[in-house]
Amino acid sequence: MHSLLFYLFRLFHPQGAIVGRALLFIFSLVSVGIATSAHATTAKLDPNNIQTASVSTYVTDLKSGKTLYKKNQNVVMPLASITKLMTAMVTLDAKLPLDEKITFKPIDKKRMYNGYTRIRMESRLSRGETIHIALMSSENLAAAALAGSYPGGYDAFIKAMNAKAKALGMTNTRFVDSSGLDPKNVSTASDINKMAKAAYKYTKIREYSTTPVHTVYFTKPKYKLGYTNTNVLARGKKWDVEMTKTGYLDIAGHCLTMITKINGKEILMVMLDAQGKLTPIGDAGRIKKWLQTGYSGKISDSAKNYQQVKLADLKG
């Protein structure tokens with residue numbers, strides 16, 4: 001093929017020899033690039049060639065169910081606001097009207113440990129929009145209000161969360177609140193993988209969790225608030241994020257679970273307890289690079305030390 005192109009350009013082009021050699025060189029580069037890309041996407045993935053900075057990691061091919069990578073996946077640790085995926089599922093399972101107005105009460109604020117919120121007490125918002133801001137922007141008061149407005153009340157909601165976890169086979173998971181602010185909400189990357197798979201089946205969870213920015217309109221009194229997705233990858237155009245939830249507590253570190261398309265495949269990632277705010281995002285990039293090229297790149301020595309210290313605490 002290369003020789004034929006060279007001959008034809010020499011025959012029909014006034015400067016055929018020069019153009020032919022240039023075309024031959026370019027063709028060779030393109031051919032090598034295609035071959036390398038094909039190798040990267042079809043070669044068997046080696047778990048020794050991936051490093052993640054999060055203490056616990058779990059990666060699966062959603063369609064086949066195949067585990068692609070796992071690290072400390074059964075270590076029990078706080079899951080922080082990833083809890084809100086379960087909060088959303090339990091709320092949606094109850095088949096309550098999404099257009100019904102929920103009132104944000106002082107008891108709801110107390111249940112989120114009187115943490116900061118921009119929502120005014122006694123104002124109202126539809127249940128659907130309340131789920132929306134709980135997922136995309138991790139609004140803790142929204143999660144508390146969803147539980148408080150559940151049939152049977154807050155305690156019944158927490159019971160339903162744990163019952164759902166048991167039904168999903170999440171054997172190392174326990175919930176004590178609906179927001180994830182309590183560090184006694186614990187799970188494992190393996191269990192969260194199960195929860196994320198289940199949550200992905202809910203159209204509203206996929207829609208609400210991936211909204212980049214959103215404005216909600218409250219009543220009594222009337223006012224509006226703007227919200228931004230806590231996952232920076234869901235706000236950009238470089239990633240095809242189909243579902244996501246972030247989480248953070250001092251004791252839990254930075255956490256992230258998401259489902260995204262890579263090489264045409266839906267990939268489920270779980271990253272728990274990373275030291276820096278953007279470290280789970282970095283891990284997502286390393287996982288993507290590994291899936292595409294067979295090699296993730298290296299993590300820093302400080303990330304390795306952080307993992308060692310946290311694992312010693314968790315296992316101790």
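- A ring pair (Phe, Tyr, Trp, His ring centres under 6.0 Å) check over residues 219-249, counting only residues at least two apart or in different chains, returns the pairs F218-Y223, Y248-H254.
- The side-chain heavy atoms of Y202 and M89, taken from C-beta on, include a pair separated by under 4.5 Å.
- With sequence neighbours excluded, the residues satisfying side chain to side chain contact (heavy atoms under 4.5 Å, CB included) with T246 are T230, N231, L256.
- Residues T117 and K109 have side chains in contact (heavy-atom distance under 4.5 Å, counting atoms from C-beta outward).
- Side chains of L233 and T260 form no contact here, defined as non-hydrogen atoms less than 4.5 Å apart.
- The salt bridge (Lys or Arg N to Asp or Glu O under 4.0 Å) analysis of residues 229-244, with sequence neighbours excluded, yields no pairs.
- Apart from I299 itself, the hydrophobic cluster it occupies contains nothing, where clustering links Ile, Leu, Val, Met, Phe, Trp and Tyr at side-chain heavy-atom distances under 4.5 Å.
- For L278, the side chain to side chain contact (heavy atoms under 4.5 Å, CB included) test picks out I281, with sequence neighbours left out.
- The ring pair (Phe, Tyr, Trp, His ring centres under 6.0 Å) contacts involving residues 169-192 comprise nothing, where partners must be two or more places apart or lie in separate chains.
- The side chain to side chain contact (heavy atoms under 4.5 Å, CB included) search around A145 returns I102, F104, D108, not counting sequence neighbours.
- Counting only residues at least two apart or on different chains, the salt bridge (Lys or Arg N to Asp or Glu O under 4.0 Å) pairs with a member in residues 296-314 are D273-K310.
- Residue pairs meeting the salt bridge (Lys or Arg N to Asp or Glu O under 4.0 Å) criterion with at least one partner in residues 126-144, sequence neighbours excluded, are E100-R127.
- Contact check for L85 versus I205: side-chain heavy atoms found under the 4.5 Å cut-off.
- Residues S179 and A143 approach most closely at CA-CB, 3.8 Å, considering heavy atoms.
- Between K184 and D182, at least one side-chain nitrogen of the basic residue sits less than 4.0 Å from a carboxylate oxygen of the acidic one, meeting the salt-bridge criterion.
- Looking at residues two or more places apart in sequence or on another chain, you find a side chain to side chain contact (heavy atoms under 4.5 Å, CB included) between K101 and R124, T219.
- Residues passing the ring-ring contact (aromatic ring centres under 6.0 Å, His included) test with F157, sequence neighbours excluded: Y150.
- Screening residues 158-179 for salt bridge (Lys or Arg N to Asp or Glu O under 4.0 Å), with sequence neighbours left out, gives D93-K164.
- Under the side-chain contact (heavy atoms from CB on, under 4.5 Å) test applied with L68, the options I50, I267, I287 reduce to a single match, I267.
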